[in-house]
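Some notes on the structure that comes next.
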Amino acid sequence: MTTPTASYRSRVQALVTGDALQRILALGALVVLLLFFSAISPPFRTTDNFTSILVATAVNGILAMGVTFVIITGGIDLSVGTTMTLCTVVLGLTVTKAGLPLWIGLPAAMAAGAFLGTLNGLLIAKAKLPPFIATLGMLNVARGLAQILSDVKPIYFEGNPEFYDVFMGKPLLGIPNVVFVMFGAAVIAHVVLTRTVLGRYTFALGSNEEATRLSGVNVDRWKIAVYALCGLFAGLAGILIGARMTSAQPSVGLGYELDAIAAAVIGGTSLSGGEGSIVGTIIGAFIISTLTIGLSIVGVPDQWKLVITGLVVIGAVWLDILRRRNRA
Amino acid sequence: MTTPTASYRSRVQALVTGDALQRILALGALVVLLLFFSAISPPFRTTDNFTSILVATAVNGILAMGVTFVIITGGIDLSVGTTMTLCTVVLGLTVTKAGLPLWIGLPAAMAAGAFLGTLNGLLIAKAKLPPFIATLGMLNVARGLAQILSDVKPIYFEGNPEFYDVFMGKPLLGIPNVVFVMFGAAVIAHVVLTRTVLGRYTFALGSNEEATRLSGVNVDRWKIAVYALCGLFAGLAGILIGARMTSAQPSVGLGYELDAIAAAVIGGTSLSGGEGSIVGTIIGAFIISTLTIGLSIVGVPDQWKLVITGLVVIGAVWLDILRRRNRA
Amino acid sequence: GGSATGSGGTGGTKPYIAIVSKGSQHQFWQAVQKGATDEATAKGATITYEGPASESEVDKQLTMLQTALDKKPAAICFAALDSKAAGPLLQKAKDAKVPVVGFDSGVDSDIPVTTVSTDNIAAAGEAADQMAKLIGDSGKVAVIVHDQTSQTGTTRRDGFVNRMKEKHPNIQVVAVEYGAGDPVKSADLAKAVMTANPDLKGFFGANEGSAKGVLNALKETGKENKVVAIGYDSGQQQIDAIKSGVMAGAITQNPVGIGAKCVSAALDAIAGKTLPKTIDTGYYWYDKTNIDKAEIQAVLYK
Amino acid sequence: MSVGDLLVEMTDISKSFPGVRALDGCRFELRPGEVHALVGENGAGKSTMMKLLAGIYRPDSGTIRFKGREVDISSPRAAQDLGISIIHQELNLMGHLTVAQNIFIGREPRGMLPFMLDEAALNHNARTLFEELHIKLDPRARVSNLAVAQQQMVEIAKALSFNSNVLIMDEPTAALTDTEIDELFRIIRQLRERGTGIVHISHRLEELKQISDRVTVMRDGKYVDTVTTADVSTQSIISMMVGRTIFEEAPEVPEKRDPEVVLEVRGLSRGRVIRDVSFQLHRGEILGISGLVGAGRTEVVRAVFGADPSDSGQVLVHGRPAEIRTPTDAVAAGIGYLSEDRKRFGLALTMDVETNTCLASMASFTDQLGRINFRRTRETAISHAKSLAIKTPSIRQRVRNLSGGNQQKVVIAKWLTADTEVLIFDEPTRGIDVGAKSEIYKLLNDLARQGKAIIMISSELPEILRMSHRILVMCEGRITGELSAAEATQERIMALATQRESVAAA
Ligand SMILES: Nc1ncnc2c1ncn2[C@@H]1O[C@H](COP(=O)(O)OP(=O)(O)OP(=O)(O)O)[C@@H](O)[C@H]1O
Ligand SMILES: Nc1ncnc2c1ncn2[C@@H]1O[C@H](COP(=O)(O)OP(=O)(O)OP(=O)(O)O)[C@@H](O)[C@H]1O
Ligand SMILES: [Mg+2]
Ligand SMILES: [Mg+2]
């Protein structure tokens, strides 16, 4: 292993194994979609519409970030959708029923998310339940609780008109704050995943949990941390969706988990664990929302939307697979 | 590594790793549920009601059998629910629109299921898509197709009154035929899983796919076969649900996949592959339907049903885990 | 939700009425349950009330109906997601001499002794006429529906669209989108529709969630009071929007009334009284002008 | 023999993997009825060469002739059909299936119907096979419950069950102790009589003389030479392999051992596997643990390390009782463990050399906010890669793509980085070439000199004898004796290792 060759090889390596290519690819798919719709539909290529797409991406994007961490550990979280709902309800109760100020309600909502996430983590790390089952159970529990706490009625944030403005207001370039919140969250998530020990262990867990354990890493604790983090993101998503609806709707949220997972996987996160990136996930989330909005703008009937969405999910991931294959 | 030790171990082995205990355990959980509800609710402990439970189990039970095969290979199939729906629609079209007799329609429906299953298999075995994604995509595609083919309207089997009677009639001990169909399917599934080459490779794939491949087994072909089989079961389920509703409802089916997976896992099938049994799955399916019906008979509010179901899913699997841990 | 007034089951002297509705998680169905429960307590009957989580779960509803029958009720109130699909079970009820009272969109079958129904088609038609009036009988409008697979969804959509075709030829229904009754998804779709049709004059939101979606969309795009919004059912957000004029008005049925009439009709049937083939609980158009009137307030839920 | 008689002939074989040229114009030939040894340093390309022959990879260029006929071996099945069977370097078993089911996977005896299985026949066939081979295994035992060595025997039995005319064995002896190895060699000789051609890859060069007729040496993916074993000395084979001569330094036993006891284990027990094990480990000492495979050595050290629970017993570090329930506790207490199965327990295969090197000591590379100092991780990884001569295109290479021996070096690098006071090496030289081996021996000695306390489990008696300052011998979960370096001999160790209890439990 002579240094010159090494450094040369490593440069090649970096090019091929680095997430770079993968992102470029997903990004390519997104660009193709955007160009396609822009080409066939003038109304699609309006700033207003692009803003709508950004806004529509926020909630799913943030859910998907949390899910990305979980999937990289080799796990899955089916409960993010309904956890999100529960968090919105918690927010609603704190600010309306309990009449506490927003700056208490928002942390409370996120805490609730982190709490449910921790429960998932405990069930998975300590009780050794398969993530699929633990979080499937939690999906129902969270949904039930959201309805019980809200008495199956929406909770309106009448007392807090500022709530809507804080998140949906457009002080910057006419883009609602939710969008900046999403990108802010993305930056944090990216740094955590790539630059911190939590991120490093997230990958290690997904790569070989036993080897990680035998390296003296407290895998249980870190796994719980990852699920808690995922719950935290769900809490944030809950806040955003609450702001958009100016209310907590106990019955929404079901099905959001699949969109989030799809976003992550389309973005190149591997369900077998050990691989993934936040950038990819964000792109994946954009692909989904662009598709949904694009299709309804060009007036595709609902049943065809289903088929096309299905095919795009398959196609996008397939593309990523082919890329990996050529690499390995 | 002396023979006595070995044979001793294997005897212990046989006792503990054999599905025996696992079934006993799941069965125990079921019995507890039945006793509990019978104790607190007179209407629950009526033959009529037990019949209803049997009937309510049929569809999910059959879906779960197919899913069991897939899960044992270490895969997952999220598309069974909507595939089932598509099959019912196909049946509807053949017998009503095309006006063909039932004995052509029924095989056609099952063929449709096997076909979609084969597509899943191809995507997973050949294109190397993660099963979760391939079947998630298929979930949407099948759903869309079902709506497109049926023009988003229910198709009624008015021309074939016998259809209902064939499956819902009660020639034997006042129990509708669907129940016998389910048990018949179970017997077949059990034999295939435990006594045939397909079954053997199903376990081998889930235990160590690479080793199976290196042993010269054509893993791709067998994997495709397993998903096709799963689709076949979905087709059968589609027939039963169609008979029950005397119609093909393009909208039902979503969410059935989770019940089916839950049934399999509650029954002791391991999501990490290599372990599972049809008997366990059937018991799992009964646990779910008993719970649903029991709760609604004693009039538990919907939101609480969600919480309880969630907890039962978690609890049942936890039980199984503990059992395994004590074993290992 | 299947909350039981008194013990479920045949026990007790009070007549037991099993109510199987179309839903449980939407406030509309909650209001129906409230009406039924109050009536039952008033008239001294026990009821159970349940419905599937979504209005597309035909098969799950059949299981509920079957379970209801197993409980040997004195009468059954049933809002069919699909009447024909329920045919065999209704026959069972008839054979078991259990009177069946149909409600909501009704049960097309001769088995029910009566049907306490609202004419969704006519109601949505009313919405169409109001819309026409508000936009000067010409221009583009769009419909946001909760789903295209449930009866309430399709009847309200068709009621609105067909009325426009028949009575208001100059009005184009340029889009029908399905938002699963999710106020956010519906909002995103509504925004897309407005993007595609900048000159859109009006929106009809075919249920509470869809109507909320429309309101959210208008709010997010700052098109409040620029695009006419018409809703369905009630709920806080719609009521406020109507009071503030953001929503021109909405159709409401009488969920509480439906619940109450169901139970009373069931009791009459048990008592062997003969009932009219249909009991129309009617629907109301409400807007700024009449929202505070007593008879409207009586049928609204928050 | 004329070329016509050649069973296998591989010429100008080249094969590249991303970033690695694994094989470069390599050749290899095999005659019927010969045992042909294939040797070379870690990463020389031995496994890859044989994987081409077994249909697992396809060559980028070059030709493969089988019985004189040019063939394209496109899949494992194709290889089987030609009568080529292989025992892989890594175990490839289906843990959930039984021994018999594993051996006959893909060749199950069928029942009355073509797709039905005949389990009885399956187990019977397995039993007869074992009798032929004098292997003691229960056909109905679940493979996941067997010890490494037993699993290796299953692999061997499986490969033999094909009665192929070419049998490739990629380090079959790595996981075996002398008794099983003798058994294996007896079988190999049988096959040689039958005219089977046998490829034997091994890093235990003393074996070559025992069993092989010819030796082919590879280096850096290139063909070096093929020689008749009898004509050459082991030393010259070694120098062909490494392109230099290695000085086998004599074991240097410290005149007086440091009195300071770093680690003490008292009455450690678990079921039948670990029975009342007690021992002391001194500063600067290399304590060898010997015994037959299945003696419970791994179980003991795993229990000490907190990887497995123990029923009773106490672990003291520097005389103070240490509560070690998890590996985390162990590492905190200054104990490091290198597993005998690196793929399963040692490495995050999809991650790169750098990450694996630092995995056991991330804390020391992170600040309070949990941010990683990447400059230091990189420098650490590079310096270890250099000092251990890890053969990799870059420290960014995924460990999955390294050769067996180089993977082992990465594991060692990980623990050197963690810099724990006690180091437990379980079969540290398993699957490692002589060059690397002597490097590792040197390393162990250096570490001991630096005052580290070292436990070394090894199934290779010469290694134990050569390295240890003190030797513990285990049998059936008990410590049956302790020998000082001076008094230890192969015979004494074997005597203790086979000292079974008169009333053998279970
Ligand atoms: N799948 C792979 N992808 C990338 N590189 C590989 C792969 N398999 C082997 N290599 C590389 O090819 C070279 C030869 O590997 P091989 O396993 O044949 O060596 P070996 O002689 O068997 O070594 P050892 O004695 O340690 O097993 C090594 O540099 C290894 O890193
Ligand atoms: N997974 C397992 N399940 C049941 N028994 C096991 C398992 N692994 C090992 N054993 C048994 O525990 C004892 C110790 O096995 P172990 O592999 O630790 O032996 P060892 O002395 O470490 O030999 P080696 O390290 O050379 O394989 C043996 O009797 C073995 O059969
Ligand atoms: Mg090798
Ligand atoms: Mg060992």
Side-chain angles (χ1 to χ4, degrees), chain B residues 1-19 72-74 188 191-222 225 229 269-270 272-277 324-328, chain D residues 54-56 75-81 85-86 88 90-99 101-108 110-111 113-119 122 135-147 149-150 153 158 162 179-180 272 292-294 476 500 504-506:
Chain B
M1 209 171 77
T2 56
T3 329
T5 346
S7 62
Y8 161 80
R9 278 230 192 84
S10 73
R11 252 181 287 111
V12 181
Q13 225 55 58
L15 260 176
V16 224
T17 63
D19 302 335
I72 292 175
T73 64
I188 295 170
V191 170
V192 172
L193 186 59
T194 56
R195 303 242 173 290
T196 71
V197 185
L198 175 57
R200 173 59 43 80
Y201 294 154
T202 304
F203 281 101
L205 279 170
S207 185
N208 184 344
E209 180 173 341
E210 184 58 10
T212 313
R213 196 175 64 78
L214 293 178
S215 307
V217 175
N218 185 339
V219 292
D220 289 0
R221 202 179 64 212
W222 290 104
L229 183 68
T269 303
S270 151
S272 44
E275 297 191 27
S277 73
R324 285 177 209 263
R325 193 180 300 169
N326 300 346
R327 172 184 101 198
Chain D
I56 289 134
S75 73
R77 169 68 79 183
Q80 286 175 15
D81 297 344
S85 61
I86 180 168
H88 289 280
E90 314 75 19
L91 290 167
N92 282 293
L93 295 166
M94 286 131 287
H96 295 86
L97 303 192
T98 67
V99 170
Q101 290 168 350
N102 265 278
I103 288 174
F104 293 103
I105 184 80
R107 301 172 292 149
E108 294 80 2
R110 305 305 173 87
L113 291 165
F115 52 84
M116 297 296 275
L117 297 167
D118 182 345
E119 211 63 359
L122 183 76
I135 299 178
K136 297 194 186 66
L137 276 175
D138 176 357
R140 301 188 323 291
R142 202 174 135 121
V143 164
S144 63
N145 295 323
L146 301 180
Q150 295 169 312
M153 291 313 280
K158 179 178 172 185
F162 283 92
T179 33
E180 286 105 346
R272 195 178 298 100
L292 300 181
V293 168
E476 294 176 340
R500 300 216 151 77

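Proteins get letters first, then strands, A, B, ... in listed order; numbering begins at 1 in each. Quick caveat, the model's predicted, so the values are computed rather than measured.
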Structural part of D:Leu122 lying under 4.5 Å from a heavy atom of chain B: side chain
Partner residues of B:Asp220 under the salt bridge (charged side-chain N to carboxylate O under 4.0 Å, His left out) criterion, sequence neighbours left out: B:Lys126, B:Lys128
Side chain, backbone, both or neither: which part of D:Ile105 has a heavy atom under 4.5 Å from chain B? both
Contact origin within D:Glu119 toward chain B - heavy atom pairs under 4.5 Å: side chain
Hey, is the main chain of D:Gly106 close enough, under 3.5 Å, to the side chain of B:Tyr201 for a donor-acceptor pair? yes
Please state whether the side chain, the backbone, both or neither of B:Val192 comes within less than 4.5 Å of a heavy atom of chain D. neither
Has D:Gln80 got a side-chain atom pairing as donor or acceptor with B:Ser215's backbone, closer than 3.5 angstrom? yes
Specify which of B:Val217, B:Leu214, B:Leu198 makes the most heavy-atom pairs with chain D at under 4.5 Å. B:Leu214
B:Arg195 atom CZ: more than 12 heavy-atom contacts under 6.0 Å: no
D:Met94 versus B:Arg200: any side-chain heavy-atom pair under 4.5 Å? no
Select, from D:Leu91, D:Asp81, D:Leu97, the one with the greatest count of heavy-atom pairs under 4.5 Å involving chain B. D:Leu97
Heavy atoms only, distances under 4.5 angstrom: which of D:Val99, D:Leu113, D:Leu117, D:Asn92 has the most pairs with chain B? Name it, please. D:Leu117
Which residues pass the side-chain hydrogen bond (donor to acceptor under 3.5 Å, both in side chains) test with B:Ser207, sequence neighbours left out? D:His96
Got a second to check how far B:Glu210's CD is from D:Leu93's CG, nearest 0.5 Å? 12.5 Å
